[in-house]
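Sending over a structure as structure tokens; questions will come in a sec.
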Amino acid sequence: MFQFIASHYNYWIVIFLMMAGFYIVVSRGNLVKKIVGLNIFQVSVFLLYISIGKVAGGTAPILTGKPELFSNPLPHVLILTAIVVGVATTALGLALVVRIREVYGSIEEADIQAANEAMEQEDVKAAQ
Amino acid sequence: MIFQFAQLPVLEVVLPLIAAPLCVLLRRGNWAWLLAMAVCWASFIIAIILLTSVDEGQIISYALGGWAPPLGIEYRIDAVNGLVLLIISGIGALVLPYARTSVAEEIPEQHRSLFYTCFLLCFSGLLGVTITGDAFNLFVFLEISSLSTYIMVAMGAARDRRALSASYTYLIMGTVGATFFVIGVGLIYAVTGSLNMVDIAQRLETVGDLRTVRVAYGFLVVGIGLKLAMFPMHLWLPNAYTYAPSVVTAFLASTATKVAVYALLRFMFTVFGLSFSLTIETLTFLFLPLALIAMFAGSTVAIFQVNMKRMLAYSSVAQIGYMLLGVSFANVTGLTATLIHLFNHALMKGALFMALGCVMLRLGDVSIKSMRGLGKRMPWTMAAFVAGGLSLIGVPLTVGFISKWYLIEAALERGWWPVAILVVASSLLAVIYVWRVVEVAYFREPEGGPRRCEAPLSMLVPLWTLVAANLYFGIDAEFTASVAQLAASELLAGVMP
């Protein structure tokens, strides 16, 4: 049992980070903290991919001409792409938070929701 | 020869991708618009050529950069994605001529060339998701289209600040969906060692029914479900569609969710296949009830909306229910119904949202109050809206009727007659919310006097082209039915050698 847990430690780390990140996204009302949670969530997936690519006893996949055992380089390449996507998402998310702060004067979800609901009630009134 | 037919699959995606940064360099909104229009029409023509070369069951396989699949990225076109490519590029080509006036009204001058950049990025992302045969490549294109969509939704903030919070919610939920998708692809890669969809399908058969594969399946279905606004995961959709600029709503409502439905079909049928242990269970015990709930809940909520854009957004949630319902039958007629409805819903929602865009241009408001007496003030726009509405209900001689016909036929084929009755019953809800608008527009006195304020011709022509398509394909369903039927049988046949 202990052996099973210890030999899969990379997966435990991934699962912990994944759940922690996801919990932050769902539970926090602060828009910046949500983005931080989203980042942790994404990073856990990066770790999942990279740990999958590890070959026991393998070295970095650099061609030297000698017959050597390499780690699988493909997951690394995929994750490079995913990191770029993650950076773009974070940048866009934070830019949106800046704009939201400018027009709503707050970055708390509850305040923004209250402001939106007030606007919606005005819309309903105006339509009658 | 300069022009090579063999390169068409890659040109379809790369042309808009290259044109996007050029739009930034052009800086002037009108020049960017011209470039975007030229590129979209080129893509549309390429999509027509591609579809006509796969409409007898052939498959085009294009090895990107000359690296042969399964190692290299493959663009693989059959009747299924040929049809979806046609929908996306066709709607793009029709939305752009319409966009110029509408964008000039709703988006400030300094943002206009950037708007067209985002539009092209989204356009090429959606085409890329559809055309690619590589699972990870699909994720990258999905994120290209999603990121540019978030920006376009947020550009509605010039008119209503709620666009920002709508865009933020969409970003969070969309990214969670995309990350779920990547987890699924990663787990499949861990089991099969391949990213090429056809190759994965073949290897999965030899792998057997592992728990890793089942988990991957779950992550993929939920991830794509978030992107396509499957019923309990649709919360981002109404606000995003309501507060986005009119052009964006018209484009997204008729393309973005369709592409997600396509991705779902691709993974469920081509990659996992009906023989996979969970597929039939998901379809019967998950998709069928959720689709039925979406049909009724979406339409019921739509009835009570005062903002017409939001009303149509909730109606979209219901229409996605119809598409999933077709999938859940898991037979050729059901999948044919789904694919026909993909095409038809793009036509009707495109027309309806474009009509609302015309109202937005003239009145600056799309609440039910602003629709008073519009039948006299904007006769052409409102006539188009009514035609689109009839199509949404499923009145004979419109495309909506064809969709519902195939859905009911598929339900009866499975012997599920209560489902067939529910399809008809939910259409009656559509009658109510469309009638509300008709009543207000034609039987109330106009608010600002009977003065005519019809939308300009540049917006009416694309709008009426879509309405004409609604009627044409409603009367002569030969083309849609034959392509959709071929596509459905290709999907159910699984991987072809």
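Computed from a predicted model, the values in this text were never measured in an experiment. Within every chain, numbering begins at 1; the chains are lettered A, B, ... in the order of the sequence lines, protein sequences first and strands thereafter.
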* Asked: Which atoms of A:F22 come close to chain B, meaning under 4.5 Å heavy atom to heavy atom: side chain ones, backbone ones, both, or neither?
  -> side chain

* To do: Look up atom CD1 in B:I183 and atom CG in A:L48, then write down how far apart they are to the nearest 0.5 Å.
  => 7.0 Å

* **Segment of A:I112 engaging chain B (4.5 angstrom heavy-atom cut-off)** => side chain

* Asked: Non-hydrogen atoms of chain B under 4.5 Å away: do they reach the side chain of A:E120, the backbone, both or neither?
  -> both

* Structure fact -> In short, B:F136 meets A:T81 closest at the heavy-atom pair CE2-CB, 4.1 Å

* Heavy-atom distances under 4.5 Å only: say whether B:D160 touches chain A with side chain, backbone, both or neither. => side chain

* Any B:T175 side-chain heavy atom under 4.5 Å of A:V85 side chain -> no

* Is there a donor-acceptor contact under 3.5 Å linking the side chains of A:N72 and B:Y189? -> yes

* Structure fact -> From the list B:K309, B:K369, B:R162, salt bridge (charged side-chain N to carboxylate O under 4.0 Å, His left out) partner of A:D123 resolves to B:R162

* Proximity breakdown for B:Y168 and chain A, heavy-atom pairs closer than 4.5 Å -> both

* To do: Identify which part of B:L195 has an atom lying under 4.5 Å from any heavy atom of chain A, answering side chain, backbone, both or neither.
  => side chain

* Which portion of A:A95 sits near chain B, non-hydrogen atoms under 4.5 angstrom -> neither

* Side chain, backbone, both or neither: which part of B:Y170 has a heavy atom under 4.5 Å from chain A? -> neither

* Asked: Contact part of A:V45 toward chain B, heavy-atom cut-off under 4.5 Å: side chain, backbone, both or neither?
  -> side chain

* Please flag which part of B:V182 lies under 4.5 Å from any non-hydrogen atom of chain A: side chain, backbone, both or neither. => both

* Can B:R161 and A:M119 be said to form a side-chain contact (heavy atoms from CB on, under 4.5 Å), step by step? -> CA-CA 10 Å; B:R161 67 178 184 179; A:M119 281 179 87; 3.4 Å; yes

* **Atom pair CD1 (A:I100) and OG (B:S167), whose distance is rounded to the nearest 0.5 Å** => 7.5 Å

* Least distance between heavy atoms, A:L92 atom then B:L147 atom -> CD2-O, 3.6 Å

* Structure fact -> When rounded to the nearest 0.5 Å, the distance separating OH of A:Y49 from CG of B:L187 is 8.0 Å

* To do: Please look at A:L78 and chain B and tell me whether the side chain, the backbone, both or neither of the residue comes under 4.5 angstrom of a heavy atom of that chain.
  => both

* Asked: In terms of heavy-atom proximity below 4.5 Å to chain B, should A:V124 be classed as side chain, backbone, both, or neither?
  -> both

* To do: With the side chain counted from C-beta on, respond yes when A:E102 and B:L164 share a heavy-atom pair under 4.5 Å apart, and no when they do not.
  => no

